[in-house]
Amino acid sequence: EKKNSRGRTMGGMHADMEAQRFCEYLYQAIILMFAVMGFIGGYWVESFRVTVYAVFGGVIISSAICVPDFGIFKGKSPPQWLPEGCTVRPGKAVAGKKDE
């Protein structure tokens, strides 16, 4: 298993770009949903405090769901890490150029 800089195992649960994109969309959707509900509730009771508390609640709930690296956010194409001890950086393929 892979280990991080502190020597702890990483567990192999890494989100790829598509999973991160979904997680960001989910994060924003939850906050927006709470903000709309807070606005409607605050308008109904004529209190801005209700709106602010609803947005804060949405941020806390969406952070609790989206910040940890849960298995549901694990992508189908995990990142490819360099082997341990590798000091040479792999070259990037440039269109029209051949690797030398």
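Note that the structure is a prediction, hence the values are computed from the model and not measured.
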Distance (rounded to the nearest 0.5 Å) between Cys66 SG and Tyr25 OH: 12.0 Å
Can a side-chain donor-acceptor contact be found between Glu24 and Gln28 if the only test is distance below 3.5 angstrom? yes
Could you list the cluster mates of Ile40? Members are the ILVMFWY residues connected by side-chain heavy atoms closer than 4.5 Å, either directly or through other members. Leu32, Val36
Less than 3.5 Å apart, which donor and acceptor atoms pair up between the side chains of residues 46-61 and the rest of the protein, not counting sequence neighbours?
{"unit_1": "Ser47", "atom_1": "OG", "unit_2": "Arg49", "atom_2": "N", "d": "3.3"}
{"unit_1": "Thr51", "atom_1": "OG1", "unit_2": "Gly38", "atom_2": "O", "d": "3.0"}

If the condition is side chain to side chain contact (heavy atoms under 4.5 Å, CB included), which residues does Met37 pass it with, not counting sequence neighbours? Met33, Phe34
